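Scroll down for the structure; my scribbles are underneath it.
All of these numbers come straight from a predicted model, not from anything done at the bench. Below, chain A is the first sequence line, B the second, and so on; all start at residue 1.
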Number of protein chains: 2
Amino acid sequence: MECPRSTFENLDPKKRGRVLDESLLEFAEHGYHQASVNRIVGRLGIAKGSLFQYFGSKEGLFRHLFTLALNEIKAPLKAIRDADASEPFPERLRRVFLAGAAFARSHPLIWRVYRRMTTQDDFPLRETLLVKVREEALTYFRELVEGGQARGEVRPDVQPAAAAFLIESVLDRALTAQDSPLLDAGFGLAADNEPTRQRALAALAELLCRGLAASPRKGDDADADAHHAPHADAH
Amino acid sequence: MECPRSTFENLDPKKRGRVLDESLLEFAEHGYHQASVNRIVGRLGIAKGSLFQYFGSKEGLFRHLFTLALNEIKAPLKAIRDADASEPFPERLRRVFLAGAAFARSHPLIWRVYRRMTTQDDFPLRETLLVKVREEALTYFRELVEGGQARGEVRPDVQPAAAAFLIESVLDRALTAQDSPLLDAGFGLAADNEPTRQRALAALAELLCRGLAASPRKGDDADADAHHAPHADAH
DNA sequence: TCCGCTTGTGACCGGGTGGTCATTTTCTAT
DNA sequence: ATAGAAAATGACCACCCGGTCACAAGCGGA
């Protein structure tokens with residue numbers, strides 16, 4: 001028995017869409033365990049039995065939403081991955097941050113469910129998702145770094161795995177802070193104003209590239225501290 | 001009516017400790033909503049009514065655990081904050097990472113509850129906690145950075161707020177990955193072997209300081225354009 | 001019009017939840 | 001020994017959950 005039963009596929013597309021939208025919203029707002037089938041059918045104005053006829057179970061419903069979301073996401077993520085391969089590394093990194101933020105904003109429900117799946121442990125498919133995402137994201141970042149090293153734009157002694165972990169953790173937190181003022185704490189990622197958000201993202205990407213420390217080498221480069229005081233920041 | 005009723009305070013300290021331990025464990029393992037008072041009293045071998053006599057409600061129990069945890073945590077965190085103020089910035093950062101990891105490992109239950117509180121939204125006191133932690137952690141990191149700038153160890157054009165956000169996000173993710181192999185994905189933070197974990201933490205701190213990019217200054221590096229076949233894979 | 005099949009329905013089930021409270025047990029002071 | 005306070009108890013409550021299923025409604029063809 002396939003999980004989206006034929007009964008559901010034969011539904012009026014308009015109604016089918018509403019069912020999927022409302023269900024995804026419920027999981028996005030409440031996570032898996034606390035998501036309530038009763039609430040979903042109540043909001044949809046259909047009988048509970050119908051939902052179970054369509055998907056067999058709460059888990060079946062969620063799994064269906066999951067595969068749909070995967071399909072919806074594939075293309076835009078691939079576009080991000082394939083973009084700008086010829087740009088220099090810092091620029092690529094900056095664009096990945098901006099594109100990631102734009103992606104999260106353009107798929108708010110999917111993004112929220114994803115966040116919940118990674119941080120809660122009661123989701124079906126959680127392990128599948130995490131393994132797949134780690135695999136994809138970390139190898140992508142690793143290749144980004146290795147590409148940068150091949151072109152001499154990234155220090156050769158950087159361990160690609162460590163760099164990938166670093167980039168991923170900052171990007172993940174930045175995107176999370178986007179819709180959580182408490183996490184953002186005034187930094188600017190959760191600002192209503194888009195340029196402000198982009199400036200904050202770009203600042204993070206640039207810090208990742210250039211690092212925090214003042215002198216890249218100990219005692220060899222004496223003029224490192226000489227040409228400081230750039231203050232070229234536009235704000 | 002205070003929440004830990006006098007009845008509870010008069011309990012045999014041994015039993016009182018078991019009640020607190022078992023309750024904290026339940027919240028650590030299941031979060032707030034899914035934590036079950038029935039399970040707690042079952043494991044403790046006491047009647048459900050007793051727990052409600054002690055704390056009035058599930059939320060009262062949690063709030064009590066929360067304030068106890070806060071007290072238990074204060075001193076070690078202060079020790080971390082005050083440590084090594086005279087060391088150079090990169091060393092301080094490295095030590096903060098190591099100390100943070102050691103702290104999370106030494107208070108596993110409190111750490112897990114904290115993680116849940118920051119990532120789930122059904123906790124009482126969640127907002128209180130987040131506001132307080134942001135306040136404390138971010139200003140600490142900001143001062144760390146500003147101190148580094150004052151001593152010329154951190155680039156003066158780094159925005160302290162951005163740097164603090166960056167450090168906090170990496171540290172948070174690193175500590176989380178410590179007890180989640182799926183997040184770690186083989187990087188080493190979740191390794192059983194302590195030196196391996198410390199090496200991974202130190203690598204992250206060093207990357208934060210030195211950055212990823214190769215040449216801190218513009219294109220003086222002549223072989224940058226000679227993007228010949230690298231194939232110089234040492235590994 | 002009647003049939004038969006697909007689809008829709010909501011009362012109902014067992015189970016789990018946080019919370020209550022009349023009753024019993026235990027302790028203490030006389 | 002006994003009266004009375006304090007503490008422990010667990011049956012019980014209302015509520016909500018995911019899931020079921022006998023039945024009703026809708027519909028296409030004869």
Inset, instruction - Take nucleotides 7-22 of chain D nucleotide by nucleotide from the 5' end and write B, S or -, depending on whether a protein heavy atom sits under 4.0 Å from the base, only from the sugar-phosphate, or from neither. - result: SBBB------SBBBB-

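When ring centroids are compared, A:Phe123 and A:Phe62 come within the 6.0 Å threshold.
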Atom pairs, protein N/O to nucleotides 24-26 of chain D N/O, distance under 3.5 Å:
none

Under-3.5 Å N/O pairs linking protein and nucleotides 24-30 of chain C:
none

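Atom P of nucleotide C:dG10 and atom CG of A:Leu44 are separated by 14 Å, given to the nearest angstrom. Distance CZ (B:Phe62) to P (C:dG19): 14 Å, rounded to an integer number of Å. When rounded to the nearest whole Å, the span between CG of B:Leu61 and C1' of C:dT17 equals 15 Å. Between the P atom of C:dG18 and the CG atom of B:Asp122 lies a distance of 12 Å, rounded to the nearest Å.
Using a 30° and 60° split on the angle between ring planes, B:His64 and B:Phe8 fall in the perpendicular class, above 60°.
Contacts of B:Gln120 classified as side chain to side chain donor-acceptor pair (under 3.5 Å), with partners at least two apart in sequence or in another chain: B:Arg116. Taking the side chain to side chain donor-acceptor pair (under 3.5 Å) definition, one finds that A:Arg95 meets it with A:Asp84, A:Glu91, sequence neighbours left out. With sequence neighbours excluded, no residue forms a side chain to side chain donor-acceptor pair (under 3.5 Å) with A:Asn10.
Between the side chains of A:Gln178 and A:Arg105, at least one donor N or O sits under 3.5 Å from an acceptor N or O.
Partner of B:Leu171 under the side-chain contact (heavy atoms from CB on, under 4.5 Å) criterion, out of B:Leu204, B:Val96, B:Leu166: B:Val96 alone.
Residues A:Thr67 and A:Arg63 are not in side-chain contact: their nearest non-hydrogen atoms beyond the backbone lie 4.5 Å or more apart.
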Inset, instruction - Given side chain to side chain contact (heavy atoms under 4.5 Å, CB included), test B:Tyr114 with B:Leu175 step by step and report yes or no. - result: CA-CA 12 Å; B:Tyr114 165 75; B:Leu175 300 198; over 6 Å; no

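A:Thr118 places a side-chain N or O within 3.5 Å of a backbone atom of A:Arg115 that can act as its donor or acceptor partner.
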